[in-house]
Amino acid sequence: MALLTPEDLENINKQLQEADSTVRRVTGLDIKGICKDFYGTTPCCEKVGIVPVTSGNGIIGSFSESLNAIAGYFGFDSFITDMPDVSGYYEAVKNGARIILMADDNTFLAHNLKNGKIANNQPCTGIIYAEIASRYLKADSKEVLAVGLGKVGFPGAAHLVQKGFKVYGYDADRTLLEKSVSSLGIIPFNPVSPEGDRQRKFSIIFEATPCADTIPESVISENCVISTPGIPCAISKELQKKCGVELVMEPLGIGTASMLYSVL
Ligand code: NAD
Ligand code: 2YJ
Ligand code: MG
């Protein structure tokens with residue numbers, strides 16, 4: 001699994017503000033507004049305890065600090081524990097945390113100790129990026145291209161199917177693609193080499209792969225949004241500019257907001 005790096009998290013507040021203005025342009029609502037509308041919840045100064053975790057590859061420089069900034073941005077009262085791991089968890093609860101945020105190399109969770117709700121970053125991220133994509137104001141149809149159908153992409157694609165979109169999808173892993181076809185009814189479509197003359201263009205693209213340049217120019221329609229949690233970016237800056245693509249992409253905050261609102 002790809003781990004975030006301190007470089008990904010540089011200027012997280014600025015990245016979040018920029019993503020927020022794009023989301024507003026694309027959907028008419030900001031990230032808070034979408035989370036509120038989608039989950040039907042509003043933060044009410046819940047205290048969030050952020051616990052650094054040393055297991056596996058260890059603490060990622062600025063990960064906890066970024067979570068603290070993100071929680072504050074979305075209206076939560078948050079703090080980082082001095083101690084990591086079990087001692088940090090104890091410290092968070094003793095200091096009044098109602099929601100715990102913590103991540104090891106495999107799982108990033110939010111746990112609301114008051115109501116018992118728990119959230120995992122991967123499905124929460126996939127669902128919120130898909131939800132943003134689904135609200136694109138200039139979409140020319142209810143057709144979507146979903147590229148990358150793994151732990152983030154599959155729940156996002158499932159959400160789009162559930163919302164009544166016709167989902168064309170692709171994963172480089174044939175087993176995962178077949179699973180999406182059989183369980184979600186996704187129509188297989190390889191954006192890089194579509195079969196026969198089935199070249200299509202999309203105004204809504206949802207991407208969740210750990211690879212760069214997964215979306216070629218040939219599938220991008222004139223007014224197109226690419227909503228992508230995938231790191232690195234699905235298209236180059238040059239192509240984004242050339243095609244006038246609205247790009248929703250941010251390394252941690254949108255997914256974390258989705259987790260926090262989902263456990264309220
Ligand atoms: P995953 O490994 O479960 O899924 C990624 C999938 O992409 C795999 O199934 C793989 O086969 C597929 N893939 C790779 N190259 C492809 C290509 N060229 N075309 C089509 N499919 C391709 O990983 P994941 O947990 O789902 O994470 C996906 C990405 O999202 C990673 O880059 C991860 O770091 C990122 N992520 C970002 C956030 C965020 O907040 N921005 C949150 C969670 C994960
Ligand atoms: O506390 C720390 O600083 C570290 N233990 C954080 C580890 C963060 N984990 C990841 O980035 C993994 N990819 C799992 C989270 C999935 C969301 N991208
Ligand atoms: Mg995010």
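One-based numbering, in listed order, for ligands and for the atoms of each. As the structure is a computational prediction, the values presented were derived from the model and not from experiment.
There is no side-chain donor-acceptor pair under 3.5 Å between Thr42 and Tyr261. Side chains of Asp140 and Ser203: a donor on one and an acceptor on the other come within 3.5 Å. There is a side-chain donor-acceptor pair under 3.5 Å between Asp85 and Thr54. A donor-acceptor contact under 3.5 angstrom links the side chains of Asp20 and Tyr73, judged on distance only.
At a 4.0 Å heavy-atom cut-off, ligand 1 touches Pro229 through backbone and side chain alike. If you look at Asp104 next to ligand 2, the close heavy atoms, those under 4.0 Å, all belong to the backbone. The residue Thr256 has no part lying near ligand 1, judged by heavy-atom distances below 4.0 Å. Residue contacts with ligand 2, taken as heavy atom pairs separated by less than 4.0 Å, involve Ile60 via backbone and side-chain atoms alike. When non-hydrogen atoms are compared, ligand 1 lies under 4.0 Å from the backbone of Asp173 as well as from its side chain. Proximity of Asn57 to ligand 2, defined as any heavy-atom pair under 4.0 Å, is not found for any part of the residue. Heavy atoms of Leu176 found under 4.0 angstrom from ligand 1 belong exclusively to the side chain. When heavy-atom distances to ligand 1 are checked against a 4.0 Å cut-off, Thr125 comes that close only through its side chain, counted from C-beta outward. When heavy-atom distances to ligand 1 are checked against a 4.0 Å cut-off, Cys211 comes that close only through its side chain, counted from C-beta outward.
With respect to Thr256, the side chain to side chain contact (heavy atoms under 4.5 Å, CB included) criterion is satisfied by exactly one of Leu16, Val48, Leu67: Leu67.
Near Leu3, the atoms of ligand 2 lying under 4.0 angstrom from a non-hydrogen atom of the residue are 9 (N), 10 (C), 11 (O), 12 (C), 13 (N). Here is the list of ligand 1 atoms found below 4.0 Å of a heavy atom in Ala208: 5 (C), 7 (O), 28 (C). Within ligand 1, the atoms closer than 4.0 Å to a non-hydrogen atom of Val147 are 19 (N), 20 (C), numbered from 1 in the order shown. Short contacts between ligand 1 and Val152, defined as distances under 4.0 Å to a heavy atom of the residue, involve ligand atoms 24 (P), 25 (O), 26 (O), 27 (O), 43 (C), 44 (C). Of all atoms in ligand 1, listed by their number and element, those nearer than 4.0 Å to a heavy atom of Ile231 are 32 (O). The contact set between ligand 1 and Leu252, taken as ligand atoms under 4.0 Å from a residue heavy atom, comprises 40 (O). Ligand-side atoms of ligand 2 in range of Phe108: 15 (C), range being under 4.0 angstrom from any heavy atom. Near Asn121, the atoms of ligand 2 lying under 4.0 angstrom from a non-hydrogen atom of the residue are 16 (C), 17 (C), 18 (N). Each of the following atoms of ligand 2 lies closer than 4.0 Å to a heavy atom of Pro52: 1 (O).
Interatomic distance, CG of Asn121 versus NZ of Lys151, reported as 11.5 Å (0.5 Å rounding). Lys142 NZ to Lys163 NZ: the interatomic distance, rounded to the nearest 0.5 Å, is 7.5 Å. Rounded to the nearest 0.5 angstrom, Thr27 OG1 and Arg135 CZ are separated by 7.0 Å.
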Test log, rule side chain to side chain donor-acceptor pair (under 3.5 Å), inputs Tyr90 and Thr81
CA-CA 9 Å; Tyr90 184 73; Thr81 58; over 6 Å; no
Full working for side chain to side chain donor-acceptor pair (under 3.5 Å) between Asn68 and Ser78:
CA-CA 6 Å; Asn68 202 26; Ser78 61; 2.5 Å; yes
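With Glu91 contributing its side chain and Asp82 its backbone, the two residues share a donor-acceptor pair below 3.5 Å. Listed for the Asp171 side chain is no donor-acceptor partner under 3.5 Å among the backbone atoms of Leu176.
Among the atoms of Asn121, none of the N or O lies under 3.5 angstrom from an N or O of ligand 1. Considering backbone and side-chain atoms together, Thr214 places no N or O closer than 3.5 Å to any N or O of ligand 1. Annotation: Pro251 places an N or O atom under 3.5 Å from an N or O atom of ligand 1; distance criterion only. Considering backbone and side-chain N/O of Leu149, none are found under 3.5 Å from N/O of ligand 1.
Under the side-chain contact (heavy atoms from CB on, under 4.5 Å) criterion, Thr214 pairs with Val147, Glu207, Thr209, Cys211, Ala234, not counting sequence neighbours.
Figure legend: Lys179 and Phe154 shown as a cation-pi pair, the cationic atom lying under 6.0 angstrom from the six-membered ring centre and within 45 degrees of its axis.
Ranked by closest heavy atom to atom 1 (O) of ligand 2, the top entry among Leu4, Val53, Asn106, Asp8 is Val53. Summarising the contacts of atom 2 (O) of ligand 1 with Met259, Lys151, Glu207, Arg174, the nearest heavy atom is found in Lys151.
In this structure, Glu250 is part of the shell of residues with a heavy atom less than 4.0 angstrom from ligand 1. Within the 4.0 Å heavy-atom shell around ligand 2 one finds Gly58. Not a single heavy atom of Ile254 lies less than 4.0 angstrom from ligand 1.
The two residues Ala97 and Gly49 have their closest heavy-atom pair at CB-N, 3.7 Å.
Note: Phe206 and Phe165 fail the aromatic proximity criterion, with ring centroids not under 6.0 Å apart.
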